[in-house]
There are 2 protein chains.
Amino acid sequence: MNAPGSVLKQGRKWDQVLEGARTVFMRDGFEGASVDDIVREAGVSKATLYSYFPDKRLLFLEVAKSECKAQSDAAIQQIEGSGDVREALTTAAGRMVRFFLSDVGMQVFRIVVGESQRFPEIGREFYASGPQMVRDMLIRFLNRAVSEGKLQIDDVALAADQFPELCKAGLHMQMVLGLRDAVSEEEIDRVIDGAVEMFMSQYGVAR
Amino acid sequence: MNAPGSVLKQGRKWDQVLEGARTVFMRDGFEGASVDDIVREAGVSKATLYSYFPDKRLLFLEVAKSECKAQSDAAIQQIEGSGDVREALTTAAGRMVRFFLSDVGMQVFRIVVGESQRFPEIGREFYASGPQMVRDMLIRFLNRAVSEGKLQIDDVALAADQFPELCKAGLHMQMVLGLRDAVSEEEIDRVIDGAVEMFMSQYGVAR
DNA sequence: TAATATATAAACTGTTCAGTTTAGTTTATT
DNA sequence: AATAAACTAAACTGAACAGTTTATATATTA
């Protein structure tokens with residue numbers, strides 16, 4: 001079940017540490033979170049934390065990975081199943097937008113972007129356990145739709161990169177930069193519909 | 001000419017300080033840059049720096065604003081002029097992509113995203129002097145094209161949000177996260193053409 | 001040339017914080 | 001109950017760093 005990604009680990013308070021770290025990192029960011037805050041939140045001694053994680057950065061990496069995986073597993077699910085492409089894309093877009101705009105999603109994004117220069121593996125691991133998953137899923141989905149004659153796409157990889165971007169449509173940037181603190185359901189729907197509409201108008205087969 | 005945005009300012013080494021700060025912030029990020037590094041780079045005393053800028057954050061804000069303004073002034077220029085919509089969009093897309101993927105553009109983005117939680121005005125000022133400018137320019141351009149019957153767009157604001165996102169198409173994310181360290185001209189063209197193609201296939205008027 | 005502005009180097013203050021160490025305690029296992 | 005593994009609190013180390021102060025120097029202006 002809750003495998004620790006890397007080769008670190010022992011004992012029984014691992015989850016407790018990770019949960020405390022999650023809370024504090026999500027609240028205060030990477031630099032903003034002190035290890036002392038984390039141990040206090042986790043109800044654990046500093047020595048225990050350091051017996052699990054060699055340093056703060058690795059601890060954050062573990063938190064980010066587990067968050068990402070949880071979210072993108074949920075977001076990926078079966079696009080499969082539903083026969084209608086338009087419907088499937090709408091569903092997928094909904095999941096994506098809600099993920100991008102969730103507190104956790106945005107906070108992880110902020111931290112990862114901010115720290116990936118100093119700690120490149122943070123960027124890599126985040127990408128691999130988040131955006132990459134979605135991208136791969138979309139590529140599979142689009143390839144299937146193409147081979148079934150439901151879509152017509154020359155460059156599937158490009159299309160798989162375009163769709164998630166369309167799902168941001170300015171909202172993500174505004175939220176991440178703190179220009180707004182909420183987005184209404186109407187706006188979300190408007191963006192989703194706009195994304196699907198635009199995507200289908202290029203790649204949909206004429207009927 | 002080089003007005004200092006806010007109401008701070010005096011004497012003759014202002015530019016020198018700003019230039020040194022620019023260099024160091026762009027190289028090391030916000031937290032990574034120490035004020036001592038900056039004064040060393042600028043060839044200026046710490047006291048002088050602090051006589052111009054009340055604190056490090058404000059100093060960075062000034063750097064970010066001036067970078068942003070320079071870049072987005074250049075990027076905005078006249079889309080106007082050229083009568084062909086497709087051509088104008090292609091040109092604009094080229095400027096945008098090259099801006100997103102430039103060292104300065106990415107570094108400012110990284111820092112702003114990373115720090116805008118702790119310092120909300122950084123996010124606001126960045127947005128106002130960068131993305132907002134582009135957005136407004138696009139809205140004006142699209143409205144004109146619509147009224148001239150060259151494009152058909154219901155929701156111009158949405159379209160103006162979609163186009164820049166299309167210009168990112170995964171590349172921006174990969175670069176910002178440090179998964180790549182360069183993008184070929186071919187890839188850039190592919191993304192630009194893809195963006196224009198998709199945009200026109202929805203909003204272009206049938207001919 | 002005297003007076004005023006601006007600049008400088010360098011030492012200092014105060015704080016924050018990651019990571020370590022120590023000496024002792026709790027929990028599980030046999 | 002004995003033993004070992006995991007945990008604890010708390011003090012400590014060492015370094016980094018923002019911002020201040022002081023005493024001095026160099027331009028600029030009147």
Side-chain angles (χ1 to χ4, degrees), chain A residues 2-4 6-64 111 114-119 121-122, chain B residues 2 4 6-64 111 114-115 117-119 121-122:
Chain A
N2 61 36
S6 329
V7 209
L8 13 124
K9 179 163 170 175
Q10 323 150 277
R12 56 187 203 275
K13 304 217 164 172
W14 204 82
D15 289 339
Q16 207 173 321
V17 172
L18 214 66
E19 177 56 26
R22 198 193 79 96
T23 304
V24 178
F25 279 133
M26 291 307 123
R27 190 184 59 216
D28 301 334
F30 182 78
E31 291 289 346
S34 82
V35 175
D36 288 299
D37 287 348
I38 294 174
V39 302
R40 206 174 307 121
E41 177 71 32
V44 138
S45 79
K46 217 171 171 179
T48 299
L49 184 151
Y50 277 102
S51 81
Y52 291 148
F53 302 95
D55 60 38
K56 189 186 174 187
R57 195 172 39 87
L58 263 290
L59 173 57
F60 170 73
L61 198 54
E62 215 59 42
V63 171
I111 301 178
E115 304 297 328
S116 65
Q117 171 140 90
R118 285 203 285 176
F119 309 122
E121 74 268 44
I122 287 185
Chain B
N2 62 34
S6 326
V7 208
L8 16 123
K9 178 159 169 176
Q10 323 150 275
R12 57 189 204 275
K13 304 219 165 175
W14 202 83
D15 289 340
Q16 206 174 323
V17 172
L18 213 67
E19 178 55 27
R22 201 194 77 96
T23 305
V24 178
F25 280 133
M26 291 307 124
R27 190 183 60 216
D28 301 334
F30 181 78
E31 290 289 347
S34 82
V35 174
D36 288 299
D37 287 347
I38 293 175
V39 301
R40 206 174 308 122
E41 177 70 32
V44 137
S45 78
K46 216 171 170 178
T48 299
L49 184 150
Y50 277 103
S51 82
Y52 291 146
F53 302 95
D55 60 37
K56 189 186 174 187
R57 195 172 40 87
L58 262 291
L59 173 56
F60 170 73
L61 199 53
E62 215 58 43
V63 171
I111 301 177
E115 305 297 329
Q117 173 140 87
R118 283 202 286 177
F119 309 122
E121 73 270 43
I122 287 185

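Numbered from 1 within each chain, the chains take letters A, B, ... in sequence-line order. All values reported here derive from a predicted model rather than from experimental measurement.
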Item to check | Side-chain-base donor-acceptor pair under 3.5 Å for B/K56 and D/dG19 | outcome: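 There is none.
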Item to check | Of the listed nucleotides C/dA9, D/dC7, D/dG19, the one nearest the side chain of B/Y50 | outcome: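 Of C/dA9, D/dC7, D/dG19, D/dG19 is nearest to the side chain of B/Y50.
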Checklist entry - Out of C/dT20, D/dG19, D/dT8, which has the shortest distance to the side chain of A/K46? => result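 Of the options given, the side chain of A/K46 lies nearest C/dT20.
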Do any side-chain nitrogens or oxygens of [X] fall under 4.0 Å of OP1 or OP2 in [N]?
X: B/Y52; N: C/dT6; result: no
X: A/K13; N: D/dT8; result: yes
X: B/T48; N: C/dA7; result: no

Item to check | Anti/syn call for C/dA5, syn if |chi| within 90° | outcome: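 Syn, which is what one calls it when the glycosidic angle falls within 90° of 0.
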Checklist entry - So what's C/dT4 paired with, Watson-Crick or G-U wobble, going by both distances under 3.5 Å? => result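 Its partner is D/dA27 (Watson-Crick or G-U wobble, both distances under 3.5 Å).
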Item to check | Watson-Crick or G-U wobble partner of D/dG14, both distances under 3.5 Å | outcome: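 For D/dG14, the partner nucleotide comes out as C/dC17, under the 3.5 Å rule.
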Checklist entry - For the pair made of CD in A/E31 and P in D/dA16, what is the distance, rounded to whole Å? => result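 After rounding, the reported distance stands at 15 Å.
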Checklist entry - Whole-Å distance between C/dT16 P and A/D36 CG? => result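 Taking CG of A/D36 and P of C/dT16, I get 12 Å after rounding.
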Checklist entry - Contact class for A/S34 vs. all strands (heavy atom < 4.0 Å): base, sugar-phosphate, or nothing? => result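 The answer is sugar-phosphate, as A/S34 gets under 4.0 Å only of primed atoms, P, OP1 or OP2.
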Next on the checklist: Using a heavy-atom cut-off of 4.0 Å across all strands, would you classify A/G43 as base, sugar-phosphate, or nothing?
Outcome noted: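 Contact class for A/G43: sugar-phosphate only.
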Next on the checklist: Does any part of the side chain of A/L59, heavy atoms only, come nearer than 4.5 Å to the side chain of A/Y52, both counted from C-beta?
Outcome noted: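 A/Y52 does not reach A/L59 side chain to side chain.
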Checklist entry - Does a side-chain heavy-atom distance below 4.5 Å link A/V24 with A/R40? => result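 No; the side chains remain at least 4.5 Å from each other.
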Item to check | Pairwise 5' ranking along DNA chain C for A/A33 and A/A47, keeping only the more 5' one | outcome: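 With A/A33 and A/A47 compared, the 5'-side residue is A/A33.
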Item to check | Sidechain N-carboxylate O distance under 4.0 Å for A/E121, A/R57 | outcome: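 Salt bridge present between A/E121 and A/R57.
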